[in-house]
Amino acid sequence: MPSLPHVGRDAVPASLTSPGGICHRLLDLADFQVVRAGFKEDRPQLIIHCAALSRNPACQENPSLARKVNIEVTACLAEQAAEIPFIFFSSDLVFDGRHGNYDEAAQPNPLSVYAETKVAAEQIVLKNPKHTVVRISLNGGASPTGDRGFNEEMRRAWQAGRRLNLFTDEYRCPMPAVVTARAIWELAAQNKPGLYHLAGGERLSRWEIGQLIAARWPQLNPRVEPSSRKDYVGPPRPADTSLNCAKIQRLLSFPLPGLSEWLKANPDEPF
């Protein structure tokens, strides 16, 4: 069986804990007995749950594992966190992509196993008025394994000499993970539970995203070719899952940047 996700001990900003800041250890979230024991021992004040089986092909190939990780683990954590703030990361992929610019009142219509598990988990979390769901889009940055962000996947492909064929007619609102983290901390500090959309301020096609990342790594001689969803053969894919983030923007101390704006303003950031 593939390894299941782990989580840090306390997903709590230092301002809400002791002066020592955030402690960290690993838990197997699929071992519910260990998770419950960890809650009793640590007594966290806030949980930020971003662990998931998030790659669509893996979820399609193993739906039972996707349900275990994305639904059952979430239910266990939400139950243990019943009396404290709990922030759950969901996805723009809960929408079918027929319209775009989705706000929080839009009705989800998942097209994949991954998206179905996210919708089911959202419903569990939102039953508790103390809890929060944040739907995010593509996130990029530098991960410990070097292959989690969309930018890292592109860079690894170019390092291997591969050409990327990217859709010109599929749209997302990509965001640097550091910006997502800043927004989540601000939201947590305000303790205003509910459903929020959090994504970059720029709607971009896969092709446009690839062009931006390619320009960042000219030394890799990146090769990017435009393609169309019309020529795609495979499971259904949402065409436009761009998010309307006006609700959370009103709570933040900074404007949510578009990816091209952020890359221009941060030329030395590894991305």
Side-chain angles (χ1 to χ4, degrees), residues 50 54 87 89-106 115 118 132-143 147-158 164-188 190 195-218 220 222 224-229 237-271:
C50 48
S54 59
I87 298 176
F89 276 39
S90 187
S91 171
D92 58 347
L93 296 179
V94 301
F95 298 111
D96 59 19
R98 295 178 181 177
H99 304 292
N101 195 35
Y102 293 100
D103 64 14
E104 290 82 357
K118 282 297 187 181
T132 297
V133 169
V134 179
R135 294 177 179 144
I136 62 173
S137 186
L138 287 174
N139 266 244
S143 67
D147 63 353
R148 295 297 296 167
F150 67 87
N151 58 307
E152 293 177 320
E153 292 179 340
M154 290 180 175
R155 190 166 70 244
R156 286 166 69 96
W158 294 326
L164 294 179
N165 295 299
L166 301 174
F167 295 141
T168 60
D169 50 4
E170 183 176 295
Y171 299 91
R172 308 286 291 276
C173 292
M175 177 106 99
V178 292
V179 179
T180 298
R182 179 183 176 187
I184 291 295
W185 289 133
E186 290 196 7
L187 181 64
Q190 296 184 54
L195 174 63
Y196 295 93
H197 288 176
L198 175 60
E202 186 177 21
R203 173 182 176 268
L204 295 169
S205 70
R206 294 273 186 175
W207 161 251
E208 290 170 322
I209 295 169
Q211 290 289 304
L212 289 172
I213 305 304
R216 198 82 163 184
W217 297 95
L220 299 179
V224 185
E225 294 292 335
S227 62
S228 172
R229 297 176 68 256
R237 297 174 64 100
D240 184 350
T241 57
S242 54
L243 297 179
N244 183 323
C245 302
K247 180 180 177 181
I248 199 169
Q249 182 65 84
R250 289 191 291 268
L251 301 178
L252 300 177
S253 67
F254 64 96
L256 294 170
L259 182 61
S260 57
E261 173 192 354
W262 185 88
L263 290 173
K264 184 177 180 180
N266 296 273
D268 297 324
E269 285 284 336
F271 199 93

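It should be emphasised that the depicted structure is a prediction, and the values quoted were computed from it without experimental measurement.
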Nearest 0.5 Å, what's the CZ-CG distance between R172 and L93? 4.5 Å

Rounded to the nearest 0.5 Å, what separation is found between the CH2 atom of W185 and the CG atom of L252? 14.5 Å

E186/R182 ion pair, N-O < 4.0 Å: yes

Looking only at non-hydrogen atoms, find the nearest pair between L251 and Q190 and report the distance. O-NE2, 2.6 Å

Side chain of K247, backbone of L198: donor and acceptor closer than 3.5 Å? no

Check the pair N165, E225 against side-chain contact (heavy atoms from CB on, under 4.5 Å), reporting the backbone distance first and the verdict last. CA-CA 5 Å; N165 295 299; E225 294 292 335; 3.2 Å; yes

Using modelled atom types and a 3.5 Å cut-off, is there a donor and acceptor pairing between side-chain atoms of Q249 and backbone atoms of C245? no

Using 0.5 Å steps for rounding, measure from the CG atom of L204 to the OH atom of Y171. 10.0 Å

Minimum heavy-atom separation for R155 to L220, with atom names? CG-CD1, 3.5 Å

Tightest non-hydrogen contact, residues D240 and H99, listed as OD2-O, 4.0 Å

Any heavy-atom pair between the side chains of F271 and N266 that's under 4.5 Å? no

Rounded to the nearest 0.5 Å, the CE atom of M154 sits from the CG atom of L164 at a distance of 6.5 Å

Y196 side chain near I87 side chain, heavy-atom distance below 4.5 Å: no

If you look at every heavy atom in N139 and A177, which pair is closest and at what distance? OD1-CA, 3.4 Å

Could you check if a side-chain atom of V179 sits within less than 4.5 angstrom of a side-chain atom of P257, using non-hydrogen atoms only? yes

For residues S54 and R148, determine if any side-chain heavy atom of one lies less than 4.5 Å from a side-chain heavy atom of the other. yes

Check: E170 main-chain N/O paired with W207 side-chain donor or acceptor under 3.5 Å: no

So, does D169 use its side chain to make a donor-acceptor pair with the main chain of R229 at under 3.5 Å? yes

In short, L166 meets R206 closest at the heavy-atom pair CD1-O, 3.5 Å

d(N151 CG, L212 CG) to nearest 0.5 Å is 11.5 Å

Between atom CD1 of I213 and atom CD of E152, what is the distance when rounded to the nearest 0.5 Å? 10.5 Å

Angle class for the Y102/F95 ring planes (parallel below 30°, perpendicular above 60°, tilted otherwise)? parallel

Search all heavy atoms of F167 against all heavy atoms of R237 and return the closest pair with its distance. CE1-NE, 3.5 Å

